[in-house]
Amino acid sequence: MSDYVIEMLNITKEFPGIKANDNITLQLRKGEIHALLGENGAGKSTLMSVLFGLYKAESGIIKKNGEPVEIRNPNDATALGIGMVHQHFKLVEVFTVLENIILGTEPNKMGFLRKAEARKKVSELSEKYGLHADPDAKIESITVGMQQRVEILKMLYRDNDILIFDEPTAVLTPQEIEELMEIMRGFTKEGKSILFITHKLAEIMAVADRCTVLRKGKYMGTVEVGQTTKEELSRLMVGRDVSFIADKTPASPGEVVLEVSGITVMSKLHKNNAVKSVSFNIKAGEIVCLAGIDGNGQTEFAHALTGLEKPVSGSIKLKGLDITYATVRQRSEAKLSHIPEDRHKHGLVLDYTLAENLVLQRYREPRFQNRGFIDFNAVHEYSDKLIEQYDIRSANGSYSVARSMSGGNQQKAIVAREIDKDPELLVAIQPTRGMDVGAIEYIHKQLVARRDAGSAVLLISLELDEVMNLSDRILVMYEGEIVGEFDPETVTIQELGLYMAGAARREVS
């Protein structure tokens, strides 16, 4: 009997113009949490997609319990007990939780669906693993954290014992991340084995037994987590030392750039307002962070600020110009830039090329025009410049289709486009979600550089380390209201947590 439940030996996977996996070997022991670490575009998701049958490798062998196996598609993987929670969930939004869990493996008798039997099994799994989800709720109406639980329940419903988690914490709150870690530990106690793709070194140190590191498609080594440090892992991943602290001088705020007065926004999920009479301002040359637990009105407020939703009441002024009911284009022309929370829904046109995405809001400018037609030579020249400046990695450069790029490189493209517009106000929502430590360090430097160049920056983040690291002022939002304003130099994470949970509040000037 092999020591390893899964072995991927000398796997090579190529796409046009790029070798995504170059002779990689990965070995998973029974009952362990094995982290897979690497930069954006290092080949982590590609390797796991080979294991799950979404891609066919050009060369290499996959073994289960020492025996070679052929995985031609996800059905083969499922039959071998391999399940995968994808970075971007594979759920049907108009179906219920129960319908999504049983999709493709519907229990039936003589052609008739036996939903009661499926409901009973899902209920038992939910109770056993603490993955409580309403089986009758539609996917479109539940939080991303709850959607992830549905994906996990899909794996468990199929009796998978090898579980692949691709960036599972990228969309979760700190509380949900801790819950997920406990769930993963519970799985391994039962003998299940976990492959865990992540960029977050703290999570690897907290939960993984071993860690395999990839860099630019190549295998860098496998280490015992208990015998290494975050610094050593980051050096192995990016090939250099990485600073975990943003290098910034004290802010020198100038004139008011953003003035928000009494903004109220309706909720789409319930009768109460999601945002309740919020007022504050941001000055040129400062980074103000709106912190809070996910689902407390930050998303709805950001949508009202950036033109994706209309507020019920209140006003928004950008350098004295009333933009409360302005269109997205008018806000863009008034020099408001927006790094959105959902890069697929609001950040990119996935079937456009990278170059087309990088000029989405600028193609009307004279520099990109030639007698009323888009000058694609100018567009590609501009795109090539941003690709090099922001280290955006893709198979075909400016000609790459956005959908084919890794999540982290899609995010880099959005950040590059929005920062390069030289905005008066930069609204950055989860700007480093799903990014590696090297990319996070770079984007933090860019946000600080925008501040120092005189932009007002509104950062909306669930990452408390990021909040404390980047902010000049912190505003905490709880149930749609601003419940406190803090100086990051004097407040503690514990104190912020009390306000974020609604256990304390103070008047905001």
Legend entry - Lys/Arg-Asp/Glu bridge criterion (N-O < 4.0 Å) met for Glu259, Lys319: no

Legend entry - Audit row: Asp452, Lys248, salt bridge (charged side-chain N to carboxylate O under 4.0 Å, His left out) steps and yes/no: CA-CA 9 Å; Asp452 293 344; Lys248 67 187 181 83; over 6 Å; no

Legend entry - Ion pair Glu58/Lys13, N-O distance below 4.0 Å: yes

Inset, instruction - Applying salt bridge (charged side-chain N to carboxylate O under 4.0 Å, His left out), name anything that partners Lys218, two or more places apart in sequence or on another chain. - result: Asp22

Legend entry - Sidechain N-carboxylate O distance under 4.0 Å for Lys421, Glu333: no

Inset, instruction - Return yes if some donor-acceptor pair links the side-chain N/O of Ser279 with the main-chain N/O of Gly262 below 3.5 Å, else return no. - result: yes

Legend entry - Sub-4.5 Å side-chain heavy-atom contact between Leu496 and Val476: yes

Legend entry - Ion pair Arg149/Glu179, N-O distance below 4.0 Å: yes

Inset, instruction - Specify the closest pair of heavy atoms between Tyr219 and Thr212, including all atoms of both residues, with the distance to one decimal. - result: CE1-CG2, 3.6 Å

Legend entry - salt bridge (charged side-chain N to carboxylate O under 4.0 Å, His left out) partners of Asp351, counting only residues at least two apart: Arg403

Legend entry - Carboxylate-amine/guanidinium contact Arg451 Glu286, below 4.0 Å: no

Legend entry - From Leu91 atom CG to Glu99 atom CD, the distance as rounded to the nearest 0.5 Å: 12.0 Å

Legend entry - Pairwise side-chain contact, Leu305 with Ile316, heavy-atom cut-off 4.5 Å (strictly under): yes

Legend entry - Residues Ser455 and Glu424: side-chain donor-acceptor under 3.5 angstrom: no

Legend entry - ring pair (Phe, Tyr, Trp, His ring centres under 6.0 Å) between His338 and His346, intermediate numbers included: CA-CA 10 Å; His338 174 209; His346 299 127; 7.4 Å; no

Inset, instruction - May I ask you to say whether Arg235 pairs ionically with Glu232, meaning some side-chain N is under 4.0 Å from a carboxylate O? - result: no

Legend entry - Residue pair Pro311 / Thr324: nearest heavy atoms and the distance that separates them: CG-CG2, 3.8 Å

Legend entry - side-chain hydrogen bond (donor to acceptor under 3.5 Å, both in side chains) assessment of Thr432 paired with Glu466: CA-CA 9 Å; Thr432 58; Glu466 185 168 69; 2.6 Å; yes

Legend entry - SB check Arg473 Glu485 (cutoff 4.0 Å): yes

Legend entry - salt bridge (charged side-chain N to carboxylate O under 4.0 Å, His left out) contacts in which one or both residues fall within residues 371-382, not counting sequence neighbours: none

Legend entry - Distance-only donor-acceptor check, side chains Asp166 and Ser45, under 3.5 Å: yes

Inset, instruction - Taking all non-hydrogen atoms of both residues into account, name the closest pair between Leu354 and Gly397 and its distance. - result: CD2-O, 3.7 Å

Legend entry - Leu350 versus Val401, closest heavy-atom pair with distance: O-CG1, 3.3 Å

Inset, instruction - Go through the steps for Phe376 and Phe368 under the test ring pair (Phe, Tyr, Trp, His ring centres under 6.0 Å), then give the verdict. - result: CA-CA 7 Å; Phe376 280 101; Phe368 300 123; over 10 Å; no

Legend entry - Salt bridge Arg393-Asp391, side-chain N to carboxylate O under 4.0 Å: yes

Legend entry - Whether Phe280 and Phe301 hold their rings parallel, tilted or perpendicular, with breakpoints at 30° and 60°: tilted

